[in-house]
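What you are looking at is a predicted structure, and each value in this text was computed from that prediction instead of being measured. All chains are named by letter (A, B, ...) in the order of the sequence lines, taking the proteins before the strands, and each is independently numbered beginning at 1.
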There are 2 protein chains.
Amino acid sequence: MTASATEARPLTPAARRVLDVAGQLFYTRGINTVGMELLAEEAGVTKKTIYDRFGSKQDLVVAYLRARDERWQDCLDRHVAVAGTPRARVLATFDALYAWMDGENPRGCAMVNAYAELSDPDHPGREVAVGQKLRLRALLADLVEQAGAAAPGRLAEALAMLHEGAVVACSVLGDTDATRTARDAAETLMGAHGIAAEAPSQV
Amino acid sequence: MTASATEARPLTPAARRVLDVAGQLFYTRGINTVGMELLAEEAGVTKKTIYDRFGSKQDLVVAYLRARDERWQDCLDRHVAVAGTPRARVLATFDALYAWMDGENPRGCAMVNAYAELSDPDHPGREVAVGQKLRLRALLADLVEQAGAAAPGRLAEALAMLHEGAVVACSVLGDTDATRTARDAAETLMGAHGIAAEAPSQV
DNA sequence: AGCGGCGTATACCGGTTGGTATAGTCACCG
DNA sequence: CGGTGACTATACCAACCGGTATACGCCGCT
């Protein structure tokens, strides 16, 4: 038995190293172009160890995506938590994105990239990617509903698109203002949906 | 000499077949996972022929991206041309996207995917991708400026992000309404920038 | 004292990668 | 008639791929 996918046991030191290296190499060079041999070498570990801990490359890829997703989620939660009103929380998701892009995300969304690289529709890594997208949408829909939006689903979807677009603009085009632009647009969209800046007592 | 990158001579029948097959396989299965052997077999052609016509895999990838970019541009031009006002033309770009997604783009933006797969920063395919993104932004900026937007650059950038986000939503999440949602959001954004539906005589 | 989990080292497997070499066929064209 | 461009067929190359096998060392736990 080679460590089932869904358990979260503490990870051995060598496994940690492998996962860290995978997090860097898979992201920066692409999943398909990074071989297990290189991974092992870079982590100071033998291939045997990798296969003992993770089972297969496919499973390691899933672990990599899960770990990255978790880090992004932490970043998101941290920024959303400090904001007060639902409206401010929505805008905080763009601040989280800004922080995320500035350092951890120079090569675009890892989930979208993985989706592109893993052409097999049955690859378990795919549902990690769609899970992340759905979670953001659910969060946004929840927030704008709290803020009193008329059609929370549609607005949340549009806001999520701004997120996605900002990532592409920032990584592919190097537009460092992208998240700012997206945030401004989000403010505009919310305003048009009846979510105003201040003075909520405007019945 | 193996056919320089920028010339556009008619393409031999075999080369056409290769480029068509590459257009399908590279997009649906990913660039790195499709080998020249498979490509040759599928096109009913020898590897020798491919290398005689295209020089290298890298060059073939560039040709593939160029051809796809051109097809999208045609789709875009077609939809924009029939629209009247600048505002309608902006919205027409989303109609173009809808038509494009419905049939030619089930696996997301080929340019973004290629950007993810080609990790080498010097790969010539990359500038094809950024070129496409810049061209859309230039078009949008031009249109919203004609429509009298206050800050054409920022608005165009936000609209482009909606494009990008719609593609991801549609391909990864299977949201068939994505382009519609993006179009509606675009209308809202333009409205907030002083580009109204009708009655332009509103000095 | 002993055992099992963790790790190293090395070698190997069949298959595939991008790319090249050699030899030959066919059709068109001056 | 001869030449040339387009193409096929086959074989080959070194390098790398994911994955497995064998054998051994270390350390903490009971």
Output the rounded distance in Å from CG (B:D52) to C1' (C:dG19).
12 Å

Selected nucleotide, minimal atom distance to A:P13 side chain, candidates C:dG7, C:dG19, D:dG18
C:dG7

With DNA chain D as reference, determine whether B:A15 or B:E37 sits nearer its 5' end, using the nearest nucleotide of each.
B:A15

Is it true that the side chains of B:H163 and B:T93 contain a donor and an acceptor less than 3.5 Å apart?
yes

After noting the C-alpha distance and the side-chain angles of A:M36 and A:L60, does the key distance pass the side-chain contact (heavy atoms from CB on, under 4.5 Å) rule?
CA-CA 10 Å; A:M36 300 298 268; A:L60 177 59; 4.2 Å; yes

Give one of base, sugar-phosphate or nothing for B:V34, where a contact means two heavy atoms less than 4.0 Å apart.
sugar-phosphate

base_contact_polar (C:dG7 base, A:K48 side chain, donor-acceptor, <3.5 Å):
no

Quick one: does A:Y27's side chain have a donor or acceptor within less than 3.5 Å of a partner on A:G108's backbone?
yes

Hey, does the side chain of B:T49 come within less than 4.0 Å of D:dT8's phosphate (OP1/OP2), counting only N and O?
yes

Rounded to whole Å, how long is the line connecting atom CE of B:M36 with atom P of D:dA15?
20 Å

Calculate the interatomic distance between B:E41 atom CD and D:dT10 atom P; express it in whole Å.
13 Å

Out of D:dC7, C:dT8, D:dG19, minimum distance to the side chain of A:K57 belongs to D:dG19

Output for pair (A:Q146 CD, A:I195 CD1), nearest 0.5 Å, gives 10.5 Å

Rounded to whole Å, please give me the gap between CD1 in B:I50 and C1' in D:dA6.
14 Å

Starting from C1' on C:dG18, measure out to CZ on B:F54 and report it in whole angstrom.
16 Å

A:T12, nearest nucleotide to its side chain (from C:dC6, D:dT8, D:dA6)
C:dC6

Can you tell me how far P of C:dT8 sits from CZ of A:R53, to the nearest Å?
10 Å

With heavy-atom distances below 4.5 Å as the criterion, would you say the side chains of B:R137 and B:L159 are in contact?
no

Could you check how far CG of B:N32 sits from P of D:dC16, rounded to whole Å?
16 Å

Nearest-angstrom distance from the residue atom OH of A:Y51 to P of C:dT8:
16 Å

A:R17 has its side chain closest, among C:dG19, D:dG19, C:dT8, to C:dT8

